[in-house]
Amino acid sequence: MTPVSADVQSPAAAPAVVLTIAGSEATGGAGAQADLKTFQELGVFGIANLTCIVSFDPNDSWNHRFVPVDQQVIADQLEATTAAYGPASGVPADEASVPERPVLDTVKIGMLGSPATIGTVAAALKNGRFRNVVLDPVLICKGQEPGHALDTDQALKSQILPLATFVTPNQFEAESLSGLAITDVESLKAAAVRIHELSGAAVLAKGGVRLEGPDAVDVYYDGETLEVLSAPKVGEVAVSGAGCSLAAAVTAELAKGSTPLEAARAAKDFVTAGIRNRVASGAPFDALWQGGPR
Ligand code: PXL
């Protein structure tokens, strides 16, 4: 055997690999850009497969201009990603020179935007054998045609929600998924319980700045543990990218081996620090800074 010289470094332990299936939001506050920045900050190898491109329109109240990615192109991205990082093909690695091969078993679902995309993504999830499927159930996109949005919401509920292991609805999304009105922490708890019953997933229902009171309150429920996560509000206006970054942080923590409750707590801390250190822009909303905890 050739002796290994002392100054040759052994390969570093492979980072966990995570995938976000999400839209691009051109200004970089939300969507796949927020997810990738969150993944990098939290020490996981991030991959983005794009479903759509959103460009806010400064000449139309910053409404969303929404362009879907072609279905074949979405399927191609998912095929490439799962072939590169799916379960090993059985070829034994040369242990001396090849770093340990990570396996992609954790995925975040962000904005899908159309029933066709939901069908394409649902098919990939069923084939992908993912251990963690974190769903940020982005329902209505400002500026989307309402009839179209309704179809998308129904497809998301029937095809993606049952595949989720962790779901992070905001107040509006939690009302839509649970069928309950949410006005305070008690009704947010009831909605979290209902969404768990419907999906079997761990639920982090976000009151955020939308419920009255001095604190941004979210409710975690996984069928056994119900926990209220609370932090003092930073202003009264929602910050762009908070929801995306929260779900992305949950995804990164789960991939690193945290329990769902630990992931929820860590994600809340990450987002609170990111909002405290937010970035101002010419748009009517600030953007969360993922480097906030540094
Ligand atoms: O924050 C929700 C969201 C998710 N994904 C994309 C978006 C937005 C909001 O603007 O544009 C692509």
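Atoms within a ligand are numbered from 1 in the order they appear, just like the ligands themselves. Residue indices begin at 1 and follow the sequence shown.
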Rounded to the nearest 0.5 Å, the CD atom of E224 sits from the CG atom of L261 at a distance of 11.0 Å
- Query: More than 12 foreign heavy atoms under 6.0 Å from CD of Q40: is that the case here?
  - Reply: no
Only heavy atoms of [X], strictly under 4.0 Å: list the atoms of ligand 1 that pass.
X: V54; answer: 11 (O), 12 (C)
X: H64; answer: 9 (C), 10 (O)
X: F56; answer: 10 (O)
X: G23; answer: 12 (C)

In the single-linkage hydrophobic clustering (I, L, V, M, F, W, Y; side-chain heavy atoms under 4.5 Å), do L135 and L177 co-cluster? yes
Exactly one candidate in T106, D105, T165 meets side-chain hydrogen bond (donor to acceptor under 3.5 Å, both in side chains) with N132; the answer is T106
Worksheet item: Does at least one non-hydrogen atom of G243 fall below 4.0 angstrom from an atom of ligand 1?
Response: no
Heavy atom of S24 under 4.0 Å from ligand 1? yes
Looking only at non-hydrogen atoms, the one of M111, E25, Q33 nearest atom 5 (N) of ligand 1 is M111
Among S245, C244, G110, the residue with a heavy atom nearest to atom 4 (C) of ligand 1 is C244
Applying ring-ring contact (aromatic ring centres under 6.0 Å, His included) to F56 and not counting sequence neighbours gives H64, F285
Between E175 and I182 (side chain of the first, backbone of the second, donor and acceptor by atom type, cut-off under 3.5 Å), is there such a pair? yes
Contact region, A32 to ligand 1, non-hydrogen atoms below 4.0 Å, reads neither
Residues at least two apart in sequence or cross-chain that pass side chain to side chain donor-acceptor pair (under 3.5 Å) with T51, listed by chain then number, are none
